[in-house]
Amino acid sequence: MKIQKKVLQVIITGILLILAGCSGNEQKNAVPKNEAVNKTKFEIVEAKSFKLENIRGIGFPGNDNSLYIASNDGLKMLKDSAWYKTTTNNHEYIGFQAIEKGFVSSGIPQKGTGLKDPLGLVQSSDKGKSFKKLAFYGDTDFYFMAASFSGDAIYVISEQPHDKLSQGVNYTKDNGRTWKKSAFQNFGADSLGMMAVHPTNGNIMAMSTRSGIYYSTDNGNTMKRITDPFMVTALTFNGDSILFSSVEKNSIFLKNWNAATGGITNIAIPFLDYDNPITYLAVNQKNQNQIAFTTYRNDLYQSIDGGKTWNMLLKDGKKELE
């Protein structure tokens with residue numbers, strides 16, 4: 001039992017403390033002049049098979065009818081039971097967030113695309129073909145980021161002080177033009193973790209920690225714990241409510257916190273080993289019965305009936321040839 005708890009703590013600490021396999025000091029310069037330019041035409045093509053080594057985020061963009069998987073090897077998209085991929089712009093996405101107009105992200109660009117490393121905060125409305133540079137382009141990456149589905153609110157965790165950011169949680173209400181620090185009053189956890197933002201009200205945000213979920217209605221300036229002090233590895237807003245995953249007594253749970261009542265209900269999921277916790281959660285804001293989650297081992301599950309039944313879409317990050 002002690003060994004299991006130690007292993008689990010290492011895994012979850014890795015999730016919460018951003019041990020995602022990328023160094024913040026890697027490749028901080030522009031693409032070298034002598035690097036060959038990638039002239040591959042950007043297309044969305046069917047992906048018969050692939051193996052994802054690192055999943056960086058999932059989501060349902062409002063301008064598409066697909067489930068997006070952001071990885072260290074670009075985007076994969078699931079639509080009508082078929083998988084698709086991009087032929088180029090296969091960037092290593094970090095902090096990926098699906099929004100109504102497409103997605104926002106940070107990350108490391110694919111070599112040869114001419115984009116600076118790091119990407120800072122960028123937004124795409126055309127499935128990753130092109131990007132609007134929001135802030136910190138060529139300057140800073142953000143492993144922990146959250147954005148409102150409709151609106152211009154974005155929250156980031158800055159690991160180091162910056163000329164426009166304070167160390168800790170910062171937010172913008174104008175899509176990256178101006179920033180303020182979240183005061184995080186009454187925050188009692190010993191770690192910062194994954195964040196989520198209300199889909200339509202950017203003032204409301206929440207954070208998962210090793211000691212529960214902390215919730216704020218004023219941009220993270222004052223925080224309130226809304227769960228018992230158990231470990232929470234992933235969360236996302238489902239309308240006003242919060243869908244989240246907890247680890248309790250070596251078991252993995254999926255739960256829903258009701259904003260109106262404060263009550264918490266369990267959602268049945270397939271059995272997950274204690275060392276394979278949920279890492280990312282996504283709800284289709286256009287159809288809240290469509291839910292997806294990934295795990296530490298890069299498994300992907302989806303439900304289209306609000307969690308009553310689940311289908312495994314990827315096992316160990318693999319999509320096999322049919």
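Quick caveat, the model's predicted, so the values are computed rather than measured.
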Check the pair S303, D305 against side-chain hydrogen bond (donor to acceptor under 3.5 Å, both in side chains), reporting the backbone distance first and the verdict last. CA-CA 6 Å; S303 173; D305 55 13; 2.8 Å; yes

Sub-3.5 Å donor-acceptor pair from the side chain of T209 to the main-chain atoms of G212, do we have one? yes

Might you work through the side-chain contact (heavy atoms from CB on, under 4.5 Å) test for F50 and L314, ending with a clear yes or no? CA-CA 10 Å; F50 55 81; L314 297 177; 3.9 Å; yes

Kindly say whether the aromatic ring centers of Y155 and W179 come within a distance under 6.0 Å. no

Quick check on D163: does its CG atom have over 12 non-hydrogen neighbours (other residues, nucleotides or ligands) under 6.0 Å away? yes

Between the main-chain N or O of N203 and the side-chain N or O of D218, is there a donor-acceptor pair closer than 3.5 Å? no

Would K224 pass as a cation-pi partner of F187, given that its NZ or CZ must be under 6.0 Å from the six-membered ring centre and within 45 degrees of the axis? no

Note: M223 and Y214 closest approach over all heavy atoms is CE-CB, 3.6 Å

For this output row, return yes or no: ring centroids of F131 and H91 closer than 6.0 angstrom. yes

Presence of salt bridge, R297 and D275, under 4.0 angstrom: yes

Closest non-hydrogen contact found for E159 with Y143 is OE2-CD1, 4.0 Å

Heavy-atom count around K255 NZ within 6.0 Å, excluding the residue itself: above 12? yes

Nearest atoms (heavy-atom pairs only) where M145 meets I94: CE-O, 4.5 Å

Below 4.0 angstrom, N of the basic side chain to O of the carboxylate: do E46 and K79 qualify? no

Can a donor-acceptor pair be found, under 3.5 Å and without considering hydrogens, that links the side chain of S246 to the backbone of I252? no

Do F136 and L165 pass the side-chain contact (heavy atoms from CB on, under 4.5 Å) test, and can you show the C-alpha distance, the side-chain angles, and the key distance before you say yes or no? CA-CA 10 Å; F136 312 111; L165 299 173; 3.7 Å; yes

Taking all non-hydrogen atoms of both residues into account, name the closest pair between D126 and S124 and its distance. OD1-OG, 3.0 Å

Taking the ring centre of each residue, are F103 and Y93 less than 6.0 Å apart? yes

What closest approach, in Å, do L300 and A292 show between heavy atoms, and which atom pair accounts for it? CD1-CB, 4.4 Å

Quick one: does T87's side chain have a donor or acceptor within less than 3.5 Å of a partner on E43's backbone? yes

Could you pull out the closest heavy-atom pair between V122 and K133, with the gap in Å? CG1-CA, 4.3 Å

Enclosure of I304 CD1 (heavy-atom neighbours >12, cutoff 6.0 Å): no

Is it the case that the ring center of H198 lies less than 6.0 angstrom away from the ring center of F149? no

Are R210 and D190 ion-paired here, with the side-chain N under 4.0 Å from a carboxylate O? yes

